[in-house]
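So that the names make sense, note that chain A is the first sequence line, chain B the second, and so on, each numbered from 1.
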Amino acid sequence: MTEFRAPVGTRDVLPPESARWERLVALFAGVVERAGYGLVLSPMFEDVGVFERVGEGTDVVRKEMYDFEDKGGRRIALRPESTASVVRAYVQHRPTPPFKAWYAGPHFRYERPQAGRFRQHHQLGVEALGTDDADLDVEIVALAWSVCAGLGLTQVTLLLNSLGDDVCRPAYLDALRAFLGAATLCDEHAGGYEKNPLRVLDCKRDACRAATAGAPRLLDHLCEPCADHFARVRAGLDGLGVAYTIAPRLVRGLDYYTRTTFELAADALGSAQNAVGGGGRYDKLAEALGGPATPGIGFGMGVERLLLACDAEGVFPAPASALDVWVVDTTGGAPALALTHELRAAGISADRSFDGRSMKSQFKSADRSGARLALVVGDNELAASTVTLRDLRGGEQETVDRAGVVEHVRKRLR
RNA sequence: GUGGCCGUAGCUCAGUUGGUUAGAGCGCCAGGUUGUGGCCCUGGAGGUCGGGGGUUCAAGUCCCCUCGGUCACCCCA
(Lines give C-alpha, C1' and ligand atoms only; values in the text may rest on other atoms or scores of the structure.)
Protein backbone atom coordinates (compact mmCIF):
# COMPACT_ATOMS: atom_id res chain seq x y z
CA MET A 1 0.00 0.00 0.00
CA THR A 2 1.12 3.56 -0.55
CA GLU A 3 2.76 5.13 2.42
CA PHE A 4 0.98 8.45 2.36
CA ARG A 5 -2.56 9.42 1.59
CA ALA A 6 -4.35 12.73 1.43
CA PRO A 7 -5.32 13.68 4.99
CA VAL A 8 -8.70 12.59 6.33
CA GLY A 9 -11.51 14.54 4.77
CA THR A 10 -9.45 15.94 1.91
CA ARG A 11 -9.25 14.84 -1.69
CA ASP A 12 -7.07 15.27 -4.72
CA VAL A 13 -8.83 16.52 -7.82
CA LEU A 14 -7.09 15.25 -10.93
CA PRO A 15 -7.79 15.66 -14.62
CA PRO A 16 -10.27 15.35 -16.19
CA GLU A 17 -12.40 16.16 -13.13
CA SER A 18 -10.29 19.22 -12.45
CA ALA A 19 -11.22 20.64 -15.86
CA ARG A 20 -14.84 20.54 -14.82
CA TRP A 21 -13.87 22.28 -11.62
CA GLU A 22 -12.15 25.04 -13.57
CA ARG A 23 -15.22 25.44 -15.74
CA LEU A 24 -17.42 25.85 -12.69
CA VAL A 25 -15.20 28.54 -11.21
CA ALA A 26 -15.14 30.32 -14.57
CA LEU A 27 -18.92 30.17 -14.81
CA PHE A 28 -19.28 31.57 -11.33
CA ALA A 29 -16.74 34.33 -11.96
CA GLY A 30 -18.57 35.28 -15.14
CA VAL A 31 -21.92 35.55 -13.40
CA VAL A 32 -20.73 37.70 -10.51
CA GLU A 33 -18.23 39.83 -12.41
CA ARG A 34 -20.98 40.78 -14.83
CA ALA A 35 -22.75 42.07 -11.73
CA GLY A 36 -19.85 44.23 -10.65
CA TYR A 37 -18.22 41.98 -8.08
CA GLY A 38 -14.43 41.96 -7.97
CA LEU A 39 -12.19 39.15 -6.81
CA VAL A 40 -10.85 39.40 -3.28
CA LEU A 41 -8.02 37.22 -2.10
CA SER A 42 -7.91 36.93 1.66
CA PRO A 43 -5.80 34.59 3.80
CA MET A 44 -6.94 31.03 4.28
CA PHE A 45 -6.21 31.42 7.98
CA GLU A 46 -6.99 34.19 10.42
CA ASP A 47 -6.62 35.07 14.04
CA VAL A 48 -9.03 32.67 15.66
CA GLY A 49 -10.82 35.66 17.19
CA VAL A 50 -12.14 36.72 13.81
CA PHE A 51 -14.37 33.69 13.80
CA GLU A 52 -14.98 33.41 17.52
CA ARG A 53 -16.25 36.97 17.67
CA VAL A 54 -18.78 36.09 15.09
CA GLY A 55 -20.13 32.70 15.97
CA GLU A 56 -19.40 31.70 19.55
CA GLY A 57 -22.67 29.83 19.83
CA THR A 58 -22.39 27.90 16.60
CA ASP A 59 -21.19 24.41 15.78
CA VAL A 60 -18.96 25.79 13.08
CA VAL A 61 -16.95 27.74 15.66
CA ARG A 62 -17.53 25.73 18.80
CA LYS A 63 -16.91 22.22 17.51
CA GLU A 64 -15.59 22.35 13.99
CA MET A 65 -12.88 24.99 14.05
CA TYR A 66 -9.59 23.82 12.56
CA ASP A 67 -7.35 25.81 14.89
CA PHE A 68 -3.81 25.63 16.20
CA GLU A 69 -1.02 27.69 17.65
CA ASP A 70 1.72 28.82 15.28
CA LYS A 71 5.42 29.09 16.00
CA GLY A 72 4.92 32.64 17.23
CA GLY A 73 2.34 31.61 19.78
CA ARG A 74 -0.52 33.13 17.80
CA ARG A 75 -3.88 31.39 17.88
CA ILE A 76 -4.72 30.66 14.28
CA ALA A 77 -7.77 29.11 12.65
CA LEU A 78 -8.06 27.81 9.11
CA ARG A 79 -11.10 29.67 7.84
CA PRO A 80 -14.33 27.70 8.27
CA GLU A 81 -16.12 30.25 6.09
CA SER A 82 -15.23 33.47 4.35
CA THR A 83 -17.76 36.08 5.32
CA ALA A 84 -15.93 36.92 8.53
CA SER A 85 -12.64 37.10 6.64
CA VAL A 86 -13.96 39.39 3.95
CA VAL A 87 -15.63 41.66 6.47
CA ARG A 88 -12.40 41.73 8.47
CA ALA A 89 -10.61 42.80 5.28
CA TYR A 90 -13.25 45.44 4.69
CA VAL A 91 -12.84 46.80 8.21
CA GLN A 92 -9.07 46.78 7.85
CA HIS A 93 -8.87 48.55 4.48
CA ARG A 94 -12.10 50.58 4.44
CA PRO A 95 -12.76 50.49 0.71
CA THR A 96 -15.41 52.91 -0.50
CA PRO A 97 -18.84 51.33 -0.19
CA PRO A 98 -20.65 49.72 -1.74
CA PHE A 99 -17.96 47.07 -1.68
CA LYS A 100 -18.83 44.09 -3.85
CA ALA A 101 -16.43 41.18 -3.71
CA TRP A 102 -16.29 37.54 -4.72
CA TYR A 103 -13.98 34.77 -3.60
CA ALA A 104 -13.12 31.17 -4.35
CA GLY A 105 -11.07 28.77 -2.36
CA PRO A 106 -10.71 26.10 0.27
CA HIS A 107 -12.44 26.20 3.64
CA PHE A 108 -11.86 23.97 6.63
CA ARG A 109 -14.04 22.36 9.23
CA TYR A 110 -12.84 19.66 11.56
CA GLU A 111 -15.60 17.11 11.35
CA ARG A 112 -16.13 13.53 10.29
CA PRO A 113 -16.30 13.27 6.53
CA GLN A 114 -19.47 12.02 4.94
CA ALA A 115 -21.26 12.15 1.60
CA GLY A 116 -20.85 15.72 0.40
CA ARG A 117 -18.93 16.77 3.47
CA PHE A 118 -15.20 17.22 3.82
CA ARG A 119 -12.66 18.72 6.19
CA GLN A 120 -11.42 20.80 3.33
CA HIS A 121 -14.11 21.89 0.96
CA HIS A 122 -14.25 24.67 -1.57
CA GLN A 123 -16.58 27.60 -1.69
CA LEU A 124 -17.46 30.18 -4.24
CA GLY A 125 -19.09 33.24 -2.74
CA VAL A 126 -19.80 36.92 -2.82
CA GLU A 127 -20.13 39.64 -0.19
CA ALA A 128 -21.61 43.10 -0.65
CA LEU A 129 -21.14 45.73 2.04
CA GLY A 130 -22.39 49.25 2.45
CA THR A 131 -26.14 49.22 1.89
CA ASP A 132 -29.23 47.64 3.39
CA ASP A 133 -31.31 48.28 0.30
CA ALA A 134 -33.60 45.29 -0.22
CA ASP A 135 -32.78 45.43 -3.92
CA LEU A 136 -29.29 44.23 -3.01
CA ASP A 137 -30.79 41.23 -1.23
CA VAL A 138 -32.68 40.43 -4.38
CA GLU A 139 -29.55 40.82 -6.49
CA ILE A 140 -27.57 38.51 -4.23
CA VAL A 141 -30.19 35.78 -4.14
CA ALA A 142 -30.69 36.08 -7.89
CA LEU A 143 -26.96 35.67 -8.49
CA ALA A 144 -26.86 32.44 -6.51
CA TRP A 145 -29.88 31.29 -8.47
CA SER A 146 -28.22 32.23 -11.75
CA VAL A 147 -25.20 30.10 -10.98
CA CYS A 148 -27.41 27.05 -10.49
CA ALA A 149 -29.30 27.85 -13.65
CA GLY A 150 -26.05 28.33 -15.53
CA LEU A 151 -24.95 24.86 -14.51
CA GLY A 152 -28.18 23.44 -15.85
CA LEU A 153 -29.52 22.49 -12.43
CA THR A 154 -33.30 22.47 -12.30
CA GLN A 155 -34.02 20.57 -9.10
CA VAL A 156 -32.93 23.23 -6.67
CA THR A 157 -35.20 24.72 -4.04
CA LEU A 158 -34.58 28.23 -2.78
CA LEU A 159 -35.48 28.51 0.89
CA LEU A 160 -36.07 32.02 2.15
CA ASN A 161 -36.53 33.47 5.62
CA SER A 162 -36.03 36.62 7.66
CA LEU A 163 -34.39 36.60 11.06
CA GLY A 164 -35.39 40.16 11.95
CA ASP A 165 -33.00 42.63 13.55
CA ASP A 166 -31.99 43.82 16.99
CA VAL A 167 -35.24 45.73 17.30
CA CYS A 168 -37.68 42.88 16.84
CA ARG A 169 -35.60 39.77 17.50
CA PRO A 170 -35.07 40.19 21.26
CA ALA A 171 -38.78 40.33 21.93
CA TYR A 172 -39.33 37.31 19.75
CA LEU A 173 -36.52 35.40 21.47
CA ASP A 174 -38.17 36.09 24.81
CA ALA A 175 -41.41 34.69 23.50
CA LEU A 176 -39.56 31.70 22.11
CA ARG A 177 -37.71 31.06 25.36
CA ALA A 178 -41.00 31.20 27.24
CA PHE A 179 -42.44 28.66 24.83
CA LEU A 180 -39.41 26.36 24.97
CA GLY A 181 -39.36 26.54 28.76
CA ALA A 182 -42.50 24.47 28.83
CA ALA A 183 -41.38 22.04 26.13
CA THR A 184 -39.49 18.74 26.22
CA LEU A 185 -36.41 19.08 24.04
CA CYS A 186 -33.71 16.74 22.78
CA ASP A 187 -30.75 15.83 24.99
CA GLU A 188 -28.49 18.51 23.60
CA HIS A 189 -30.97 21.38 23.84
CA ALA A 190 -32.61 20.31 27.08
CA GLY A 191 -29.37 21.43 28.71
CA GLY A 192 -29.64 24.97 27.47
CA TYR A 193 -30.42 27.25 24.60
CA GLU A 194 -30.08 30.65 26.21
CA LYS A 195 -27.40 31.88 23.82
CA ASN A 196 -29.41 31.27 20.74
CA PRO A 197 -32.82 29.67 21.11
CA LEU A 198 -33.26 29.96 17.36
CA ARG A 199 -31.02 26.93 16.99
CA VAL A 200 -33.67 24.78 18.63
CA LEU A 201 -35.99 25.56 15.73
CA ASP A 202 -33.33 24.25 13.39
CA CYS A 203 -32.69 21.08 15.40
CA LYS A 204 -33.50 17.94 13.45
CA ARG A 205 -34.01 15.62 16.39
CA ASP A 206 -37.48 14.23 16.91
CA ALA A 207 -37.91 15.68 20.41
CA CYS A 208 -37.18 19.23 19.27
CA ARG A 209 -39.14 18.74 16.09
CA ALA A 210 -42.23 17.78 17.98
CA ALA A 211 -41.75 20.33 20.71
CA THR A 212 -41.39 23.26 18.32
CA ALA A 213 -44.17 22.34 15.94
CA GLY A 214 -46.39 25.00 17.45
CA ALA A 215 -43.66 27.46 18.39
CA PRO A 216 -44.15 31.15 17.66
CA ARG A 217 -42.78 32.15 14.24
CA LEU A 218 -40.26 34.89 13.86
CA LEU A 219 -41.91 35.97 10.64
CA ASP A 220 -45.01 36.86 12.67
CA HIS A 221 -42.97 39.02 15.03
CA LEU A 222 -40.96 41.13 12.60
CA CYS A 223 -40.92 44.84 13.34
CA GLU A 224 -42.32 47.20 10.76
CA PRO A 225 -39.01 47.95 8.96
CA CYS A 226 -38.01 44.28 8.87
CA ALA A 227 -41.42 43.18 7.65
CA ASP A 228 -41.27 45.86 4.97
CA HIS A 229 -37.75 44.81 3.97
CA PHE A 230 -38.79 41.18 3.68
CA ALA A 231 -41.83 42.14 1.62
CA ARG A 232 -39.63 44.09 -0.76
CA VAL A 233 -37.23 41.17 -1.12
CA ARG A 234 -40.11 38.87 -1.93
CA ALA A 235 -41.60 41.30 -4.39
CA GLY A 236 -38.23 41.72 -6.06
CA LEU A 237 -37.74 37.98 -6.48
CA ASP A 238 -41.29 37.62 -7.76
CA GLY A 239 -40.55 40.34 -10.28
CA LEU A 240 -37.48 38.49 -11.52
CA GLY A 241 -39.33 35.21 -11.69
CA VAL A 242 -37.09 33.57 -9.10
CA ALA A 243 -39.15 30.94 -7.32
CA TYR A 244 -38.68 30.46 -3.59
CA THR A 245 -40.18 28.71 -0.61
CA ILE A 246 -40.70 30.54 2.65
CA ALA A 247 -38.87 28.59 5.37
CA PRO A 248 -39.77 30.05 8.78
CA ARG A 249 -37.46 27.61 10.56
CA LEU A 250 -34.43 28.30 8.42
CA VAL A 251 -31.88 29.64 10.90
CA ARG A 252 -28.51 28.83 9.31
CA GLY A 253 -25.34 28.01 11.07
CA LEU A 254 -23.90 31.37 11.94
CA ASP A 255 -25.11 33.82 14.54
CA TYR A 256 -24.38 36.99 12.65
CA TYR A 257 -27.33 36.85 10.30
CA THR A 258 -30.04 39.51 10.36
CA ARG A 259 -33.10 39.87 8.20
CA THR A 260 -32.79 37.95 4.95
CA THR A 261 -31.37 34.42 5.08
CA PHE A 262 -31.56 31.82 2.36
CA GLU A 263 -30.36 28.39 1.37
CA LEU A 264 -30.25 26.47 -1.89
CA ALA A 265 -31.19 22.82 -1.50
CA ALA A 266 -30.40 20.35 -4.26
CA ASP A 267 -33.34 17.99 -4.26
CA ALA A 268 -31.54 15.52 -6.51
CA LEU A 269 -29.02 14.78 -3.77
CA GLY A 270 -30.22 11.88 -1.71
CA SER A 271 -28.01 12.59 1.28
CA ALA A 272 -28.77 14.92 4.15
CA GLN A 273 -26.05 17.23 2.91
CA ASN A 274 -28.15 18.75 0.17
CA ALA A 275 -27.37 22.42 0.82
CA VAL A 276 -25.35 23.56 -2.17
CA GLY A 277 -25.35 27.18 -1.12
CA GLY A 278 -26.60 29.60 1.44
CA GLY A 279 -26.21 33.05 2.82
CA GLY A 280 -27.89 36.07 4.23
CA ARG A 281 -27.67 39.58 5.55
CA TYR A 282 -25.33 40.52 8.39
CA ASP A 283 -25.93 44.15 9.26
CA LYS A 284 -24.09 44.02 12.61
CA LEU A 285 -21.06 42.01 11.60
CA ALA A 286 -18.74 44.87 10.67
CA GLU A 287 -19.31 46.45 14.05
CA ALA A 288 -18.75 43.16 15.80
CA LEU A 289 -15.33 43.03 14.14
CA GLY A 290 -14.46 46.50 15.35
CA GLY A 291 -15.36 48.46 12.25
CA PRO A 292 -17.90 51.13 11.46
CA ALA A 293 -21.55 50.14 11.31
CA THR A 294 -21.86 48.72 7.81
CA PRO A 295 -24.69 46.55 6.56
CA GLY A 296 -23.83 43.66 4.31
CA ILE A 297 -25.09 40.51 2.65
CA GLY A 298 -23.55 37.59 0.84
CA PHE A 299 -23.65 33.90 0.10
CA GLY A 300 -21.39 30.92 -0.35
CA MET A 301 -21.75 27.86 -2.56
CA GLY A 302 -19.99 24.53 -2.17
CA VAL A 303 -18.03 23.43 -5.21
CA GLU A 304 -18.03 19.75 -4.27
CA ARG A 305 -21.75 19.73 -3.60
CA LEU A 306 -22.63 21.67 -6.71
CA LEU A 307 -20.74 19.11 -8.77
CA LEU A 308 -22.42 16.26 -6.90
CA ALA A 309 -25.77 17.86 -7.67
CA CYS A 310 -24.76 18.16 -11.32
CA ASP A 311 -23.88 14.45 -11.32
CA ALA A 312 -27.25 13.63 -9.79
CA GLU A 313 -29.06 15.64 -12.44
CA GLY A 314 -26.77 14.54 -15.26
CA VAL A 315 -25.79 18.07 -16.23
CA PHE A 316 -22.54 20.03 -16.57
CA PRO A 317 -20.29 17.15 -17.68
CA ALA A 318 -16.50 17.33 -17.73
CA PRO A 319 -15.41 19.07 -20.91
CA ALA A 320 -13.80 17.00 -23.67
CA SER A 321 -10.15 17.47 -24.43
CA ALA A 322 -9.45 20.64 -26.34
CA LEU A 323 -6.08 19.53 -27.70
CA ASP A 324 -5.59 20.60 -31.30
CA VAL A 325 -2.59 18.62 -32.46
CA TRP A 326 -0.64 15.49 -31.56
CA VAL A 327 2.83 15.34 -33.04
CA VAL A 328 4.04 11.88 -34.04
CA ASP A 329 7.78 11.63 -34.57
CA THR A 330 9.69 8.44 -35.37
CA THR A 331 13.00 10.12 -36.12
CA GLY A 332 14.25 10.58 -32.62
CA GLY A 333 12.23 13.41 -31.16
CA ALA A 334 14.04 16.55 -32.24
CA PRO A 335 11.46 17.47 -34.92
CA ALA A 336 8.63 16.91 -32.43
CA LEU A 337 10.34 19.16 -29.96
CA ALA A 338 10.60 21.96 -32.51
CA LEU A 339 7.12 21.44 -33.95
CA THR A 340 5.26 21.42 -30.66
CA HIS A 341 7.17 24.49 -29.55
CA GLU A 342 6.31 26.30 -32.75
CA LEU A 343 2.64 25.34 -32.64
CA ARG A 344 2.25 26.32 -29.01
CA ALA A 345 3.90 29.68 -29.63
CA ALA A 346 1.34 30.23 -32.37
CA GLY A 347 -1.50 29.60 -29.94
CA ILE A 348 -2.24 26.06 -31.11
CA SER A 349 -2.38 23.41 -28.40
CA ALA A 350 -0.06 20.52 -29.11
CA ASP A 351 1.35 17.50 -27.35
CA ARG A 352 3.48 14.47 -28.24
CA SER A 353 4.80 11.17 -26.98
CA PHE A 354 8.16 10.65 -25.35
CA ASP A 355 10.59 7.76 -24.96
CA GLY A 356 10.85 7.00 -28.69
CA ARG A 357 7.76 4.85 -28.84
CA SER A 358 6.57 3.09 -31.97
CA MET A 359 4.38 4.92 -34.43
CA LYS A 360 1.46 2.72 -33.49
CA SER A 361 1.93 3.58 -29.84
CA GLN A 362 2.16 7.26 -30.61
CA PHE A 363 -1.08 7.12 -32.57
CA LYS A 364 -2.76 5.39 -29.67
CA SER A 365 -1.71 8.23 -27.43
CA ALA A 366 -2.94 10.70 -30.00
CA ASP A 367 -6.28 8.97 -30.08
CA ARG A 368 -6.61 8.91 -26.31
CA SER A 369 -5.72 12.56 -26.05
CA GLY A 370 -8.73 13.51 -28.12
CA ALA A 371 -6.56 15.61 -30.39
CA ARG A 372 -8.18 16.79 -33.59
CA LEU A 373 -5.15 16.41 -35.84
CA ALA A 374 -1.95 14.40 -35.94
CA LEU A 375 1.22 15.68 -37.54
CA VAL A 376 3.59 12.91 -38.55
CA VAL A 377 7.32 13.30 -38.98
CA GLY A 378 9.07 10.15 -40.20
CA ASP A 379 12.21 9.57 -42.21
CA ASN A 380 10.45 10.40 -45.48
CA GLU A 381 9.07 13.68 -44.20
CA LEU A 382 12.36 14.62 -42.66
CA ALA A 383 14.17 14.03 -45.94
CA ALA A 384 11.60 15.95 -47.96
CA SER A 385 11.11 18.75 -45.45
CA THR A 386 7.43 17.96 -45.18
CA VAL A 387 4.97 16.84 -42.55
CA THR A 388 2.05 14.43 -42.93
CA LEU A 389 -1.17 15.82 -41.53
CA ARG A 390 -3.83 13.31 -40.53
CA ASP A 391 -7.34 14.17 -39.46
CA LEU A 392 -7.97 11.91 -36.47
CA ARG A 393 -11.72 12.03 -36.84
CA GLY A 394 -12.05 11.17 -40.50
CA GLY A 395 -8.68 9.62 -41.19
CA GLU A 396 -7.77 11.47 -44.39
CA GLN A 397 -4.17 12.56 -44.77
CA GLU A 398 -2.20 15.07 -46.76
CA THR A 399 1.39 16.15 -47.14
CA VAL A 400 2.30 19.66 -46.10
CA ASP A 401 5.48 21.67 -46.45
CA ARG A 402 7.28 21.84 -43.13
CA ALA A 403 7.69 25.60 -43.51
CA GLY A 404 3.97 26.24 -43.80
CA VAL A 405 2.73 23.78 -41.20
CA VAL A 406 1.50 26.27 -38.62
CA GLU A 407 -0.57 28.22 -41.12
CA HIS A 408 -1.94 25.04 -42.61
CA VAL A 409 -2.94 23.67 -39.23
CA ARG A 410 -4.57 26.94 -38.37
CA LYS A 411 -6.76 26.66 -41.48
CA ARG A 412 -7.68 23.06 -40.74
CA LEU A 413 -8.75 23.95 -37.24
CA ARG A 414 -11.07 26.68 -38.34
C1' G B 1 -17.75 13.31 18.99
C1' U B 2 -20.99 8.53 18.58
C1' G B 3 -22.53 4.34 15.59
C1' G B 4 -23.19 0.72 11.11
C1' C B 5 -20.74 -1.41 6.88
C1' C B 6 -16.18 -2.25 4.27
C1' G B 7 -10.58 -2.67 3.22
C1' U B 8 -7.59 -8.64 -2.45
C1' A B 9 -3.54 -5.79 -8.90
C1' G B 10 -3.99 1.49 -11.36
C1' C B 11 -9.89 0.80 -11.39
C1' U B 12 -14.40 -2.55 -10.48
C1' C B 13 -14.54 -7.07 -8.13
C1' A B 14 -14.15 -13.16 -7.72
C1' G B 15 -11.71 -16.05 -4.19
C1' U B 16 -15.85 -22.73 -2.16
C1' U B 17 -16.63 -25.52 5.22
C1' G B 18 -8.99 -21.92 6.66
C1' G B 19 -5.25 -26.32 2.67
C1' U B 20 -0.48 -26.62 -2.89
C1' U B 21 2.94 -21.21 -7.29
C1' A B 22 -3.97 -15.47 -5.30
C1' G B 23 -7.81 -14.91 -10.27
C1' A B 24 -11.21 -12.12 -13.92
C1' G B 25 -12.84 -7.77 -16.58
C1' C B 26 -11.28 -2.87 -17.69
C1' G B 27 -6.83 0.02 -18.00
C1' C B 28 -1.49 -0.08 -19.09
C1' C B 29 2.85 -2.04 -22.17
C1' A B 30 4.36 -5.00 -26.45
C1' G B 31 3.39 -7.84 -30.79
C1' G B 32 -0.06 -9.37 -34.87
C1' U B 33 0.24 -4.79 -39.32
C1' U B 34 9.03 -3.78 -41.06
C1' G B 35 5.24 4.34 -41.50
C1' U B 36 -0.46 5.05 -38.68
C1' G B 37 -5.19 5.46 -33.75
C1' G B 38 -10.37 4.11 -32.74
C1' C B 39 -12.48 -2.74 -33.70
C1' C B 40 -10.33 -7.61 -33.09
C1' C B 41 -6.53 -11.42 -31.63
C1' U B 42 -2.05 -12.93 -28.75
C1' G B 43 1.37 -12.15 -25.00
C1' G B 44 3.41 -9.31 -20.85
C1' A B 45 4.09 -6.23 -16.59
C1' G B 46 1.63 -5.26 -12.01
C1' G B 47 -0.52 -7.75 -5.52
C1' U B 48 4.45 -8.93 1.30
C1' C B 49 -4.40 -9.98 0.11
C1' G B 50 -4.36 -1.88 4.56
C1' G B 51 -0.83 -2.55 8.92
C1' G B 52 0.45 -5.20 13.60
C1' G B 53 -0.36 -9.18 16.88
C1' G B 54 -2.80 -13.89 17.95
C1' U B 55 -5.17 -19.02 17.08
C1' U B 56 -3.56 -23.20 13.86
C1' C B 57 0.44 -28.26 11.04
C1' A B 58 -1.60 -24.39 7.65
C1' A B 59 -5.00 -17.71 7.32
C1' G B 60 -6.86 -13.50 1.91
C1' U B 61 -10.27 -16.78 4.67
C1' C B 62 -11.02 -17.11 12.26
C1' C B 63 -9.99 -13.53 16.82
C1' C B 64 -8.01 -8.78 18.85
C1' C B 65 -5.87 -4.02 18.07
C1' U B 66 -4.80 -0.17 14.79
C1' C B 67 -4.99 2.80 10.38
C1' G B 68 -7.96 4.01 6.28
C1' G B 69 -12.48 4.23 3.31
C1' U B 70 -17.69 4.73 3.34
C1' C B 71 -22.53 5.81 5.20
C1' A B 72 -25.54 7.78 9.18
C1' C B 73 -26.66 11.08 13.55
C1' C B 74 -25.64 16.48 14.72
C1' C B 75 -24.66 20.53 11.66
C1' C B 76 -23.46 22.67 7.44
C1' A B 77 -20.85 24.14 1.55
Are any of S361(A)'s side-chain N or O atoms less than 4.0 Å away from OP1 or OP2 of G37(B)?
no
What integer distance in Å separates Y110(A):OH from C75(B):C1'?
17 Å
L14(A) CG - G27(B) P separation (whole Å)
20 Å
Is the Lys NZ or Arg CZ of R119(A) less than 6.0 Å from the centre of F108(A)'s six-membered ring, within 45° of the axis?
no
Test item: side-chain donor near acceptor, R88(A) and S42(A), under 3.5 Å:
no
Side-chain N or O of R62(A) closer than 4.0 Å to phosphate OP1/OP2 of C75(B):
no
At under 4.0 Å between heavy atoms, what does A366(A) touch on the DNA or RNA strands: base, sugar-phosphate, or nothing?
nothing
Stems involving RNA chain B: give each as a range paired with a range, ordered by first number, where a stem means at least three consecutive Watson-Crick or G-U wobble pairs under 3.5 Å.
B:1-7 with B:67-73, B:10-13 with B:23-26, B:28-32 with B:40-44, B:50-54 with B:62-66
In whole Å, what separates the C1' atom of G46(B) from that of G52(B)?
26 Å
Applying salt bridge (charged side-chain N to carboxylate O under 4.0 Å, His left out) to R368(A) and not counting sequence neighbours gives none
Below 4.0 angstrom, N of the basic side chain to O of the carboxylate: do D367(A) and K364(A) qualify?
no
To the side chain of H121(A), which of C74(B), A77(B), G69(B) is closest?
A77(B)
Interatomic distance, R209(A) CZ vs C75(B) P [rounded to whole Å]:
9 Å
Excluding sequence neighbours, so at least two apart, what forms salt bridge (charged side-chain N to carboxylate O under 4.0 Å, His left out) with D311(A)?
R20(A)
Heavy atoms under 4.0 Å, any strand shown: does Q397(A) hit a base, just sugar-phosphate, or nothing?
base
Ignoring hydrogens and geometry beyond distance, is a side-chain donor-acceptor pair present between D165(A) and H229(A) at under 3.5 Å?
no
If you measure from the P atom in G23(B) to the same atom in A45(B), how many Å do you get, rounded?
13 Å
Tell me whether R410(A) at atom CZ has more than 12 heavy atoms from other residues, nucleotides or ligands lying less than 6.0 Å away.
yes
Is there a donor and acceptor pair, one atom on the side chain of E64(A) and one on the base of C75(B), closer than 3.5 Å?
no
Just call it for G395(A): base, sugar-phosphate, or nothing, with non-hydrogen atoms closer than 4.0 Å on any strand.
base
Between G38(B), A77(B), C75(B), which one does the side chain of K364(A) approach most closely?
G38(B)
Closest-nucleotide mapping onto RNA chain B: is V60(A) or P113(A) further toward the 5' terminus? I mean the 5' end.
P113(A)
Over all strands shown, is V276(A) touching base, sugar-phosphate only, or nothing at heavy-atom distances under 4.0 angstrom?
sugar-phosphate
Whichever of L392(A) and V251(A) has its nearest RNA chain B nucleotide further upstream toward 5':
L392(A)
List every contact pair, protein side and nucleotides 42-45 of chain B side both N or O, where the distance is under 3.5 Å.
none

Any donor-acceptor pair under 3.5 Å joining the side chain of D367(A) to the base of G38(B)?
no
Before you tell me yes or no, could you show the steps for R357(A) and S365(A) under side chain to side chain donor-acceptor pair (under 3.5 Å), namely the whole-Å CA-CA distance, both residues' side-chain angles and the distance that decides it to 0.1 Å?
CA-CA 10 Å; R357(A) 290 179 187 283; S365(A) 300; 5.7 Å; no
Face-on cation placement of R234(A) at Y244(A) ring, 6.0 Å and 45° thresholds:
no
Using atom CG of L373(A) as one end and atom P of G38(B) as the other, report the distance to the nearest whole Å.
18 Å
Can you check whether any acceptor in the base of G37(B) is under 3.5 Å from a donor in the side chain of R368(A), or vice versa?
no
For the residue pair Y110(A) and D67(A), establish whether any side-chain heavy-atom pair is separated by less than 4.5 Å.
no
Using the P atom as the point on both nucleotides, what is the distance between C11(B) and U48(B), in whole Å?
13 Å
Residue pair Q120(A) / Y66(A), side-chain donor-acceptor N/O under 3.5 Å:
no
Taking only the P atom of each, what is the distance from C63(B) to G4(B) in whole angstrom?
15 Å
Is the phosphate of C71(B), meaning OP1 or OP2, less than 4.0 Å from a side-chain N or O of Q114(A)?
no
Does R252(A) reach a base, just sugar-phosphate, or nothing at all? Heavy atoms under 4.0 Å.
sugar-phosphate
Could you give the side-chain donor-acceptor pairs of residues 331-343 of chain A under 3.5 Å, partners two or more places apart or in another chain?
from: T331(A); atom 1: OG1; to: D329(A); atom 2: OD1; distance (Å): 2.8
from: T340(A); atom 1: OG1; to: A336(A); atom 2: O; distance (Å): 2.8
from: T340(A); atom 1: OG1; to: L337(A); atom 2: O; distance (Å): 3.1
from: E342(A); atom 1: OE1; to: R402(A); atom 2: NH1; distance (Å): 3.4
from: E342(A); atom 1: OE1; to: R402(A); atom 2: NH2; distance (Å): 3.0

From the list G37(B), G68(B), C74(B), which nucleotide is the closest neighbour of the side chain of K63(A)?
C74(B)
Taking C73(B), G37(B), G35(B) as options, the one with an atom nearest any side-chain atom of M359(A) is G35(B)
Using a 4.0 Å heavy-atom cut-off, does Q120(A) contact any base of the nucleic acid, only the sugar-phosphate backbone, or nothing at all?
nothing
Using the P atom as the reference point in each nucleotide, state the distance between A14(B) and G32(B) in Å, no decimals.
38 Å
How far does the C1' atom of G27(B) sit from the matching atom of A9(B), given to the nearest Å?
11 Å
At 4.0 Å (heavy atoms only), tell me whether R112(A) reaches a base, stays on the sugar-phosphate, or touches nothing.
base
Rounded distance in Å - CG (L153(A)) to C1' (A77(B))
14 Å
Does any donor-acceptor pair link the side chain of E111(A) with the base of A77(B) at a separation under 3.5 Å?
yes
Out of G69(B), C73(B), U36(B), which has the shortest distance to the side chain of V8(A)?
G69(B)
Classify V376(A) by what it touches in the nucleic acid, base, sugar-phosphate, or nothing, heavy-atom distance under 4.0 Å.
base
Considering only U36(B), A77(B), C74(B), which nucleotide approaches the side chain of E263(A) most closely?
A77(B)
Pairwise C1' distance, G25(B) and U36(B) [rounded to whole Å]
28 Å
Describe the nucleic acid contact of R393(A) in one word from base, sugar-phosphate, nothing, applying a heavy-atom distance below 4.0 Å.
base
Could you work out the separation of U12(B) and G69(B) based on their P atoms and round it to a whole Å?
15 Å
So does R357(A) get a side-chain nitrogen or oxygen closer than 4.0 Å to the phosphate oxygens (OP1/OP2) of A30(B)?
yes
Which residues satisfy the salt bridge (charged side-chain N to carboxylate O under 4.0 Å, His left out) test with K204(A), sequence neighbours excluded?
D202(A)
Do R117(A) and C74(B) have a side chain to base donor-acceptor pair shorter than 3.5 Å?
yes
If you look at every strand shown and take non-hydrogen atoms under 4.0 Å, does K360(A) touch a base, only sugar-phosphate, or nothing?
base
C74(B) phosphate, OP1 or OP2: any side-chain N/O from R199(A) under 4.0 angstrom?
no
